[in-house]
**Student:** 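Below is the structure I would like to discuss, written out as structure tokens.
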Protein chains: 2
Amino acid sequence: MTVVRVAESKTDETGSCDVERYLRPDGQDRYTISEVAAFTGLSAHTLRWYERIGLMPHVDRSHTGQRRFTNRDLDWLALVGKLRLTGMPVSDMVTYAELVRAGDDTFAQRRALLEATRLDVLQRIAELQGTLTVLDGKIDSYAGAARAQERTGA
Amino acid sequence: MTVVRVAESKTDETGSCDVERYLRPDGQDRYTISEVAAFTGLSAHTLRWYERIGLMPHVDRSHTGQRRFTNRDLDWLALVGKLRLTGMPVSDMVTYAELVRAGDDTFAQRRALLEATRLDVLQRIAELQGTLTVLDGKIDSYAGAARAQERTGA
DNA sequence: TAGGACCTTGGAGCGCACTCCAAGCAACCC
DNA sequence: GGGTTGCTTGGAGTGCGCTCCAAGGTCCTA
């Protein structure tokens with residue numbers, strides 16, 4: 001199985017957008033659950049759970065009932081991965097997935113959801129930068145204290 | 001009860017450092033658990049739990065056994081609040097608290113812990129900035145789609 | 001001295017996001 | 001045909017960080 005690196009702009013359910021693609025074999029479009037687990041870093045358990053809770057669009061099955069994921073599914077999982085990094089709760093991601101399934105009439109709601117998430121992310125970044133100030137102050141004070149201990153031979 | 005706003009550099013167990021102080025009454029140095037809950041935004045439950053798990057230095061008691069927090073405790077809780085914002089697990093905060101209790105020989109370990117946390121924070125900020133790119137791309141695509149729908153009278 | 005607000009404890013419960021288990025079916029290799 | 005590996009399911013379990021409960025003691029005001 002050849003795995004190639006692909007990281008370029010893509011087309012998904014809402015038109016082109018920059019979500020970095022997971023590694024995937026060239027030209028293939030049917031993956032087993034363990035292949036997808038390897039590409040995405042998610043466990044097979046988690047992939048099944050995502051499907052159960054409605055976070056995946058309908059996933060194809062083989063004639064014996066085994067899941068066969070497509071490149072579209074990988075694209076979706078790449079987006080989910082990004083949303084997960086934002087700290088968006090899984091329940092909100094499910095809501096988003098439901099809006100996508102509901103069709104193009106839900107663009108405004110989807111956009112509102114993403115804009116709310118965007119504000120959360122900006123706030124979180126600001127918080128983290130605030131913690132960096134404190135952390136750096138503390139680290140400096142320990143460094144200074146260590147130097148003082150050395151000088152006094154402690 | 002007079003509550004004044006104080007936000008200045010402070011002196012704590014490691015020397016001066018910039019942790020913003022919680023609101024606190026002027027000149028007072030003994031607070032009940034519900035006062036501390038009001039200042040910090042933590043629940044009384046959480047404050048008791050922090051003490052139980054070893055995340056607080058020893059907290060004074062009244063003659064009848066009720067907790068009486070001091071300004072020092074408020075300073076410590078302000079630092080804990082910042083560490084919590086970094087995403088540091090509570091177990092690591094407990095480790096840090098134990099190092100503080102162990103005395104000045106642990107400066108190097110405390111510093112290492114904070115530097116590891118600092119790197120985590122930097123990485124998290126980078127991740128979040130990556131998600132902003134995706135979010136903005138998506139939001140733009142929905143905005144564009146909405147304009148297109150309007151033009152076609154959909 | 002009564003009433004209500006506030007405090008104490010150990011331990012149980014909760015919400016989130018997984019994570020794993022048991023029992024069974026399917027595919028493939030020797 | 002037997003063995004190994006991988007897949008299926010519903011449901012139970014896990015770890016984290018709280019959050020709450022019951023039963024009782026304390027503080028404050030009138």
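Order of the sequence lines fixes the chain letters, A, B, ..., with proteins taken first and strands second; residue numbering starts at 1 for each chain.
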**Student:** Can you list the residues that meet the side-chain hydrogen bond (donor to acceptor under 3.5 Å, both in side chains) rule with B:Arg61, with sequence neighbours excluded?
**Tutor:** B:Glu51

**Student:** Charged N to carboxylate O under 4.0 angstrom, B:Asp60 versus B:Arg67?
**Tutor:** no

**Student:** Whole angstroms only, please: what is the CZ-C1' distance between B:Phe69 and C:dT8?
**Tutor:** 12 Å

**Student:** Under the rule for side-chain hydrogen bond (donor to acceptor under 3.5 Å, both in side chains), what residues qualify as partners of A:Tyr31, not counting sequence neighbours?
**Tutor:** A:Asn71

**Student:** B:Leu55 and B:Trp76: which non-hydrogen atoms are nearest, and at how many Å?
**Tutor:** O-NE1, 2.6 Å

**Student:** Can you check the B:Leu47 CG to C:dT9 C1' distance for me, whole Å?
**Tutor:** 16 Å

**Student:** Check whether any side-chain N or O of A:Tyr50 sits under 4.0 Å from OP1 or OP2 of C:dA17, and answer yes or no.
**Tutor:** no

**Student:** Does a side-chain N or O of B:His63 approach OP1 or OP2 of D:dC27 to a distance below 4.0 Å, or not?
**Tutor:** yes

**Student:** Run the salt bridge (charged side-chain N to carboxylate O under 4.0 Å, His left out) test against A:Glu127 and tell me which residues pass, sequence neighbours left out.
**Tutor:** A:Arg124

**Student:** Do B:Arg84 and D:dG17 have a side chain to base donor-acceptor pair shorter than 3.5 Å?
**Tutor:** no

**Student:** How close or far is atom P of D:dT19 from atom CH2 of B:Trp49, stated in whole angstroms?
**Tutor:** 9 Å

**Student:** Under the rule for side-chain hydrogen bond (donor to acceptor under 3.5 Å, both in side chains), what residues qualify as partners of B:Ser91, not counting sequence neighbours?
**Tutor:** none

**Student:** Whole Å only: how far is the NE2 atom of A:His45 from the P atom of D:dG15?
**Tutor:** 15 Å

**Student:** Using a cut-off of strictly less than 4.0 Å between a heavy atom of the residue and any atom of DNA chain C, enumerate the qualifying residues of residues 117-127 of chain B by number.
**Tutor:** none

**Student:** Based on the rotation axes of five pairs at each end, what angle does the helix from C:dT1-D:dA30 to C:dC30-D:dG1 bend through, to 10°?
**Tutor:** 0°

**Student:** Among residues 86-95 of chain B, which ones have heavy-atom contacts with DNA chain D below 4.0 Å?
**Tutor:** B:Pro89, B:Val90

**Student:** What is the minimum heavy-atom distance between B:Leu99 and B:Leu113, and which atoms define it?
**Tutor:** CD1-CD2, 4.5 Å

**Student:** Over how many whole Å does the gap from B:Arg52 atom CZ to D:dT19 atom C1' extend?
**Tutor:** 10 Å

**Student:** Looking at every heavy atom in both A:Ala44 and A:Ala37, which two are closest together, and how far apart are they?
**Tutor:** N-CB, 4.0 Å

**Student:** Find every protein N or O atom lying less than 3.5 Å from an N or O atom of nucleotides 4-8 of chain D, and list the pairs.
**Tutor:**
residue, atom, partner, partner atom, Å
D:dC7, OP1, A:Thr32, OG1, 3.4
D:dC7, OP1, A:Ser34, N, 3.4
D:dC7, OP1, A:Ser34, OG, 2.6
D:dC7, O4', A:Gln66, NE2, 3.3
D:dT8, OP1, A:Arg67, N, 2.7
D:dT8, OP1, A:Arg67, NH1, 2.8
D:dT8, OP2, A:Arg48, NE, 3.0
D:dT8, OP2, A:Arg48, NH2, 3.3
D:dT8, OP2, A:Arg67, NH1, 3.1
D:dT8, O5', A:Arg67, NH1, 3.4

**Student:** How would you list all residue pairs meeting salt bridge (charged side-chain N to carboxylate O under 4.0 Å, His left out) that involve residues 87-101 of chain A, not counting sequence neighbours?
**Tutor:** none

**Student:** How many whole angstroms separate atom CG of A:Leu55 from atom P of C:dA17?
**Tutor:** 10 Å

**Student:** Rounded to the nearest Å, what distance is computed from the CZ atom of residue B:Arg30 to the P atom of nucleotide C:dC7?
**Tutor:** 14 Å

**Student:** Do A:Thr70 and A:Val59 have side-chain heavy atoms sitting under 4.5 Å apart?
**Tutor:** no

**Student:** By side-chain hydrogen bond (donor to acceptor under 3.5 Å, both in side chains), which residues pair with B:Glu115, not counting sequence neighbours?
**Tutor:** B:Arg111

**Student:** Who pairs with A:Asp136 by salt bridge (charged side-chain N to carboxylate O under 4.0 Å, His left out), at least two apart in sequence or on another chain?
**Tutor:** B:Arg118

**Student:** Please determine, by modelled atom types, if B:Thr117 and B:Asp120 share a side-chain donor-acceptor pair under 3.5 angstrom.
**Tutor:** no

**Student:** Please enumerate all residues that pass side-chain contact (heavy atoms from CB on, under 4.5 Å) together with B:Ala78, with sequence neighbours excluded.
**Tutor:** B:Val19, B:Tyr22

